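Written out below as structure tokens is the structure these notes cover.
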Amino acid sequence: MGANIWFWLIYVLTLVFGVWGMNPWRPSGQVWAPFGSWAILFLLIGILGLHAFGSPIR
């Protein structure tokens, strides 16, 4: 497997488990507050991966 397949596989798995790990039933008041910074981070890493490794779908 090439580096591009490994990158996109790890990227998608991290995204899935990151969203799954956000528990909306936490006792704290601001549940979705950290989601904005994580969304921006994943967007920027995705753009960087797209530039460095190419499109995940060929």
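Nothing here was measured: the structure is a model prediction, and the numbers come from that model. Computed over heavy atoms, backbone and side chain alike; hydrogens, waters and symmetry mates excluded.
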Worksheet item: Residues two or more places apart in sequence or in another chain: which of them pass side-chain contact (heavy atoms from CB on, under 4.5 Å) with Ile45?
Response: Phe7, Tyr11, Leu41
Worksheet, complete the sentence: Looking only at heavy atoms, the pair that brings Pro56 and Leu50 closest together is CD-CD1, 4.3 Å
Worksheet item: Can you list the residues that meet the side-chain contact (heavy atoms from CB on, under 4.5 Å) rule with Leu9, with sequence neighbours excluded?
Response: Trp6, Leu13
Worksheet item: Within the side chain of Trp8, is there an N or O that forms a donor-acceptor pair under 3.5 Å with the backbone of Ser55?
Response: no
Discussion item. Is the shortest side-chain heavy-atom distance between Phe42 and Thr14 below 4.5 Å?
Written reply: yes
Worksheet item: So which residues get pulled into Leu43's cluster when ILVMFWY side chains under 4.5 Å apart are joined, directly or through others?
Response: Ile47
